[in-house]
Amino acid sequence: KWQTLIAGVLAVVAAFLTVAAMFAADRHQQNRHDSLVKLNLRADRLQIERAHDVLWKYENVLPSFSTNLEAFMRRVNQEPDLSPPPSLQLIKAGLEHFGAALNDPMVADAQKLFSANLVQCYRSTMFFCRVGTREDYTLVQIANGQMEKIDEAHMSRAVGEIAALQAFATEYRRLLVGTLELLQSYDS
């Protein structure tokens with residue numbers, strides 16, 4: 001007389017246990033998936049962090065680099081300037097430091113994780129860095145205040161080089177900020 005009722009209760013209990021086991025398996029699988037995603041993101045984050053550290057290593061050179069470029073432009077525009085003459089050596093040394101950072105394998109490896117804008121920024125810094133490494137006697141003349149000895153063609157080329165170096169400084173700053181923002185996005 002109670003056999004059907006007992007069988008029904010056992011079937012409901014068995015179904016409940018089966019559903020509970022399925023939920024536990026799903027939770028375990030989701031936890032495992034989340035752990036794998038975190039491990040992959042951790043590897044990407046570490047790669048961005050290494051690139052960021054390499055780029056920021058020379059961040060303190062950027063202000064003097066920019067100051068020297070501004071001094072060159074003041075000289076070109078023949079504005080009154082009480083500051084010391086610009087130093088082409090400081091600019092060249094800065095470019096060597098920046099070039100070393102940009103060519104570091106850790107930065108190149110992290111490029112695949114950059115956004116499209118950050119990749120473009122990286123490429124333009126590489127281009128402008130190569131442009132600025134040439135020797136230019138006109139810039140030496142400008143630094144020495146020998147403006148009257150420079151013809152218009154050479155002056156025009158020197159202004160172009162200074163503008164390219166200023167663009168480099170701007171793009172390098174954008175690259176620094178971009179890698180920092182990317183790094184912070186991994187933390188959130």
Side-chain angles (χ1 to χ4, degrees), residues 46-185:
L46 288 173
Q47 199 168 20
I48 292 294
E49 184 178 7
R50 286 189 294 270
H52 175 73
D53 288 347
V54 168
L55 292 170
W56 275 82
K57 186 181 194 179
Y58 300 111
E59 185 268 338
N60 61 341
V61 177
L62 208 49
S64 64
F65 184 83
S66 296
T67 302
N68 271 291
L69 290 173
E70 290 165 8
F72 267 108
M73 284 310 291
R74 283 192 301 274
R75 289 261 170 128
V76 166
N77 296 329
Q78 297 180 350
E79 297 172 7
D81 190 11
L82 299 175
S83 61
S87 169
L88 190 56
Q89 269 105 12
L90 280 176
I91 290 175
K92 296 294 182 185
L95 282 173
E96 286 177 18
H97 291 310
F98 299 135
L102 290 168
N103 289 312
D104 192 285
M106 289 187 272
V107 176
D109 290 345
Q111 185 182 353
K112 67 180 180 274
L113 300 172
F114 290 175
S115 67
N117 288 335
L118 207 51
V119 168
Q120 185 58 39
C121 185
Y122 175 74
R123 289 178 181 167
S124 61
T125 54
M126 292 291 287
F127 171 76
F128 287 129
C129 191
R130 275 189 234 114
V131 166
T133 54
R134 288 183 283 156
E135 273 303 317
D136 189 345
Y137 184 66
T138 305
L139 291 179
V140 173
Q141 288 176 310
I142 293 170
N144 292 333
Q146 301 169 337
M147 302 295 292
E148 66 282 349
K149 294 183 179 180
I150 305 170
D151 64 24
E152 194 173 315
H154 283 94
M155 183 61 77
S156 174
R157 195 172 120 239
V159 168
E161 280 188 46
I162 294 167
L165 291 170
Q166 288 174 323
F168 166 80
T170 301
E171 290 295 300
Y172 196 85
R173 274 190 198 93
R174 282 185 53 217
L175 188 61
L176 291 174
V177 170
T179 55
L180 180 62
E181 289 171 353
L182 184 59
L183 190 57
Q184 290 170 342
S185 74

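When reading the values below, keep in mind they use all heavy atoms of this one structure, side chains included, and skip hydrogens, waters and symmetry mates.
A ring-centre distance under 6.0 Å is not found for F65 and Y172.
Annotation: side chain of F168 is in contact with side chain of L95 (closest heavy-atom distance under 4.5 Å). At a threshold of 4.5 Å between non-hydrogen side-chain atoms, the residues E70 and M73 do not count as touching.
To the nearest 0.5 Å, the span separating CG on L69 from CZ on R74 amounts to 10.5 Å. A distance of 11.5 Å separates CG of D53 from CD1 of I48, quoted to the nearest 0.5 Å. Distance check, rounded to the nearest 0.5 Å: CZ of R123 to CD of Q111 gives 5.5 Å. The NE2 atom of H52 sits 11.0 Å away from the CD atom of E181 when rounded to the nearest 0.5 Å. Here CG of L113 is found 11.5 Å from CG of L183. Values are rounded to the nearest 0.5 Å. Here the straight-line distance linking atom CD of Q141 with atom CD of E148 works out to 9.0 Å at 0.5 Å rounding.
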Next item on the list: Give the C-alpha distance, both sets of side-chain angles, the deciding distance and a yes or no for side chain to side chain contact (heavy atoms under 4.5 Å, CB included) between N103 and M126.
Entry: CA-CA 8 Å; N103 289 312; M126 292 291 287; 2.9 Å; yes
Note to self: One pair to check against side chain to side chain contact (heavy atoms under 4.5 Å, CB included): I91 and F72. What are the steps and the verdict?
What the structure shows: CA-CA 11 Å; I91 290 175; F72 267 108; 3.5 Å; yes
Checklist line | Audit row: E59, L55, side chain to side chain contact (heavy atoms under 4.5 Å, CB included) steps and yes/no | finding: CA-CA 7 Å; E59 185 268 338; L55 292 170; over 6 Å; no
Notebook entry, point to check: Step by step, would you call V107 with T179 a side chain to side chain contact (heavy atoms under 4.5 Å, CB included)?
Noted result: CA-CA 10 Å; V107 176; T179 55; over 6 Å; no
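For the residue pair L139 and A158, the shortest heavy atom distance occurs at CD2-CB, 4.0 Å. Across H97 and V61, no two heavy atoms sit closer than the pair CD2-CG2, 4.4 Å. Taking both residues in full, the closest heavy atoms of L175 and C121 are given as N-SG, 3.5 Å, listed atom of the first, atom of the second, then distance. Minimum heavy-atom separation, P85 to A143: CB-O, 3.5 Å. Contact between Y122 and L102 at its shortest, heavy atoms only, is OH-O, 2.9 Å. Of all non-hydrogen atoms in H154 and I150, the two that sit nearest each other are CB-CG2, 3.9 Å.
Salt bridge annotation for R157-E161: present, with a cationic side-chain nitrogen under 4.0 angstrom from a carboxylate oxygen.
The main-chain N or O of S64 is found under 3.5 Å from a side-chain atom of N68 such that the two form a donor-acceptor pair. The main-chain N or O of L182 is found under 3.5 Å from a side-chain atom of S185 such that the two form a donor-acceptor pair. Of the possible polar contacts, one joining the D104 side chain to the M106 backbone as a donor-acceptor pair under 3.5 Å is found.
For R174, the salt bridge (Lys or Arg N to Asp or Glu O under 4.0 Å) partners are E171, not counting sequence neighbours.
Counting heavy atoms of neighbouring residues, nucleotides and ligands inside a 6.0 Å radius, atom CD of E79 exceeds 12 of them. Atom CD of Q89 has 12 or fewer neighbouring heavy atoms from other residues, nucleotides or ligands inside a 6.0 Å radius.
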